[in-house]
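All chains are named by letter (A, B, ...) in the order of the sequence lines, taking the proteins before the strands, and each is independently numbered beginning at 1. Values in this document were obtained by computation on a predicted structure and should not be read as measured data.
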Number of protein chains: 2
Amino acid sequence: MNPTLLIAEDDDALRDGLKDLFEAEGYDVLPTGNGRTALELWRQYRPLLIVLDVMMPELNGFEVCQQIRREDNQTPILFLTAKAQEIDQVVGLKLGGDDYVTKPFGMQALLARVEALQRRAARARAGADADAMPDEFSFGKSVVSRKRHQISRADTTVPLTLRELKLLEVFREHPGEVISRNRLLNEVWGIDYYGTTRTLDQHIVQLRKKVETDPRHPVYLLTVHGVGYRYAPP
Amino acid sequence: MNPTLLIAEDDDALRDGLKDLFEAEGYDVLPTGNGRTALELWRQYRPLLIVLDVMMPELNGFEVCQQIRREDNQTPILFLTAKAQEIDQVVGLKLGGDDYVTKPFGMQALLARVEALQRRAARARAGADADAMPDEFSFGKSVVSRKRHQISRADTTVPLTLRELKLLEVFREHPGEVISRNRLLNEVWGIDYYGTTRTLDQHIVQLRKKVETDPRHPVYLLTVHGVGYRYAPP
DNA sequence: AAACGATTGACGTGCCGCTGACAACTGGTT
DNA sequence: AACCAGTTGTCAGCGGCACGTCAATCGTTT
């Protein structure tokens with residue numbers, strides 16, 4: 001069975017275009033031009049991903065999203081927005097796993113976003129299912145607690161900041177692999193981030209202080225010159 | 001649907017000229033004279049190829065490239081450069097799949113570059129799909145891991161630098177074939193590389209240290225006098 | 001205001017890749 | 001066989017740039 005996609009967009013021409021596009025890419029598409037039926041379709045079919053126009057009759061995109069999120073906050077939602085004001089609202093939602101595309105947009109851009117969201121959601125699902133997400137995981141000689149935001153080694157326990165925790169998560173998910181600086185920036189900071197590369201270094205420095213026995217000669221968080229970093233499990 | 005091209009060039013006349021040229025060739029063109037809108041347009045449309053002037057208001061070409069590469073390192077980027085200094089910077093980026101054209105340039109030359117880049121990108125895409133690119137491949141008595149940037153033999157594991165990894169890739173793709181020095185320089189260092197031939201030797205030396213049991217009497221990386229090198233699989 | 005995390009700039013350091021000098025080698029010529 | 005010109009191997013050193021580090025700054029929260 002193909003992955004199913006719910007498309008709620010009230011412009012008939014655009015909706016048909018999107019339907020054709022995604023069907024050509026091998027998706028099953030549930031099209032609708034109305035917020036209320038969008039909700040009904042979602043309840044009935046539970047699509048893997050939802051594309052929501054913000055401006056729609058009956059229920060607008062935000063309202064639909066709100067309803068869906070009451071029952072399910074896994075399924076990724078991609079908003080189609082026209083005005084800058086709407087964008088702010090979408091961003092303001094800060095709902096994990098969601099994204100938006102501003103009109104007008106190109107088909108390639110939409111495809112790329114949909115696929116990125118799918119990958120992200122798939123990773124999240126896999127991670128959640130596989131180990132039921134225990135609170136703690138080990139890193140090097142230390143043990144990290146997600147809930148408590150802290151890392152313990154031997155007889156000391158140090159707090160972890162948000163960025164540090166996220167970084168550790170990324171390394172834990174790919175032990176032994178070299179992870180490029182760009183990828184780290186994307187995974188930890190998000191896709192549209194303008195910061196310098198010094199920022200990443202700095203956080204690595206802080207992490208090494210908490211993870212390594214001798215921060216000057218790291219054993220677990222290794223740098224790969226010109227590429228990125230690598231976590232060498234013990 | 002036509003292939004879409006993003007053209008970022010702050011000289012109005014030149015930009016219009018390029019737009020006409022490529023539209024006549026059957027491309028859809030997204031023109032802009034500004035780095036920031038270039039990024040926005042890229043996000044909205046995901047063009048198949050990007051032509052970037054280096055000198056631009058708001059964000060220069062390098063900065064735009066850097067941002068784009070954080071989310072996507074497939075799409076080819078063609079830089080338009082005016083000064084020799086800029087050229088060095090472009091070459092210095094070492095970003096695969098990119099190219100540059102120096103001003104002033106002829107329209108035909110530009111077209112040729114664009115089409116060459118398209119072909120290269122298409123090949124890369126096809127290749128990536130075809131074999132799902134396993135992480136490891138064997139070389140001689142060793143096993144090379146791309147993700148880890150390292151090579152393991154018997155009981156030792158040694159890190160590989162960028163150049164070494166690329167060289168090994170080239171040899172792996174053509175086992176038994178003699179590969180000329182020029183071809184190696186092209187494939188690993190890029191089309192226009194000015195270095196001496198000593199550079200290549202040097203890297204071969206380093207590689208043999210990591211690949212051969214007795215580096216003085218190589219078994220896998222053989223030199224073919226007057227031509228180049230040959231990888232003799234075990 | 002104080003505390004904290006995140007970010008950035010400035011500066012020092014180390015590594016990778018490049019190069020020049022010279023030795024060793026190869027293949028061809030006498 | 002000896003020789004020679006061109007090519008390759010090896011070593012040591014250099015330079016640029018990526019990275020490590022420290023400290024100052026900014027923004028947010030309390």
Fill in the blank from the handout: Taken in chain and number order and not counting sequence neighbours, the residues that satisfy side-chain hydrogen bond (donor to acceptor under 3.5 Å, both in side chains) with A/His174 are A/Arg183
Exercise for the section: Please say whether more than 12 non-hydrogen atoms of neighbouring residues, nucleotides or ligands are located less than 6.0 Å from CZ in A/Arg148. Expected result: no
Give me the distances for all protein-to-nucleotides 25-30 of chain D N/O pairs that come in under 3.5 Å?
none

Handout entry: Value in whole Å for how far the P atom of C/dG17 lies from CG of B/Leu165
Key = 11 Å
Exercise for the section: Keeping the roles fixed (side chain from A/Glu212, backbone from A/Tyr220), state whether a donor-acceptor pair exists under 3.5 Å. Expected result: yes
Problem - Residues which pass side-chain hydrogen bond (donor to acceptor under 3.5 Å, both in side chains) with B/Thr213, listed by chain and number, not counting sequence neighbours - result: none
Exercise for the section: Classify the angle between the aromatic ring planes of B/Phe171 and B/Phe139 as parallel (below 30°), tilted (30 to 60°) or perpendicular (above 60°). Expected result: perpendicular
Completion exercise
The correct set of residues in residues 225-234 of chain B placing a heavy atom under 4.0 Å from DNA chain D is B/His225, B/Gly226, B/Val227, B/Tyr229
Exercise for the section: Check whether any side-chain nitrogen or oxygen of A/Arg181 sits under 4.0 Å from OP1 or OP2 of D/dC19, and answer yes or no. Expected result: yes
Provide a list of protein-nucleic acid N or O atom pairs under 3.5 angstrom, restricted to nucleotides 2-8 of chain C.
| residue | atom | partner | partner atom | Å |
| --- | --- | --- | --- | --- |
| C/dA6 | OP1 | A/Arg163 | N | 3.2 |
| C/dA6 | OP2 | A/Thr161 | OG1 | 2.6 |
| C/dA6 | O3' | A/Arg163 | NH1 | 3.2 |
| C/dT7 | OP1 | A/Arg163 | NH1 | 2.8 |
| C/dT7 | OP1 | A/Trp189 | NE1 | 3.2 |
| C/dT7 | OP2 | A/Arg163 | NH1 | 3.1 |
| C/dT7 | OP2 | A/Trp189 | NE1 | 2.7 |
| C/dT8 | OP2 | A/Thr196 | N | 3.2 |
| C/dT8 | OP2 | A/Thr199 | OG1 | 3.0 |

Practice task
Could you tell me whether B/Lys147 and A/Glu177 have a side-chain N and a carboxylate O separated by less than 4.0 Å?
Solution key: yes
Problem - Spacing of B/Tyr229 atom OH and B/Leu221 atom CG [to the nearest 0.5 Å] - result: 9.0 Å
Practice task
Mind calculating the distance between CG (B/Asn182) and P (D/dT8) to the nearest angstrom?
Solution key: 11 Å
Exercise for the section: Ignoring hydrogens and angles, state whether a donor on the side chain of B/Thr37 or B/Thr32 is under 3.5 Å from an acceptor on the partner side chain. Expected result: yes
Practice task
Scan residues 204-212 of chain B against DNA chain D and write down, sorted by residue number, each residue with any heavy atom closer than 4.0 Å; if none is found, say none.
Solution key: B/Val205, B/Arg208
Completion exercise
To the nearest angstrom, the CG-C1' distance between B/Leu221 and D/dG9 comes to 14 Å
Handout entry: B/Arg146/B/Glu169 salt bridge by N-O under 4.0 Å criterion
Key = yes
Exercise for the section: Give a yes or no on whether a salt bridge exists between A/Glu164 and A/Lys210, defined as a side-chain N under 4.0 angstrom from a carboxylate O. Expected result: yes
Practice task
First locate atom CD1 of B/Ile179, then atom CD of B/Glu187, and finally report the distance between them rounded to the nearest 0.5 Å.
Solution key: 7.5 Å
Practice task
Round to the nearest Å and state the distance from A/Leu222 atom CG to C/dC15 atom C1'.
Solution key: 15 Å
Fill in the blank from the handout: Rounded to whole Å, the CG-C1' distance (B/Leu185 to D/dT8) equals 14 Å
Fill in the blank from the handout: Taking every heavy atom of B/Pro31 against every heavy atom of B/Leu41, the minimum-distance pair comes out as O-CD1, 4.1 Å
Practice task
In plain terms, say whether A/Asp53 and A/Lys103 are close enough for a salt bridge, that is, a side-chain N and a carboxylate O under 4.0 Å apart.
Solution key: yes
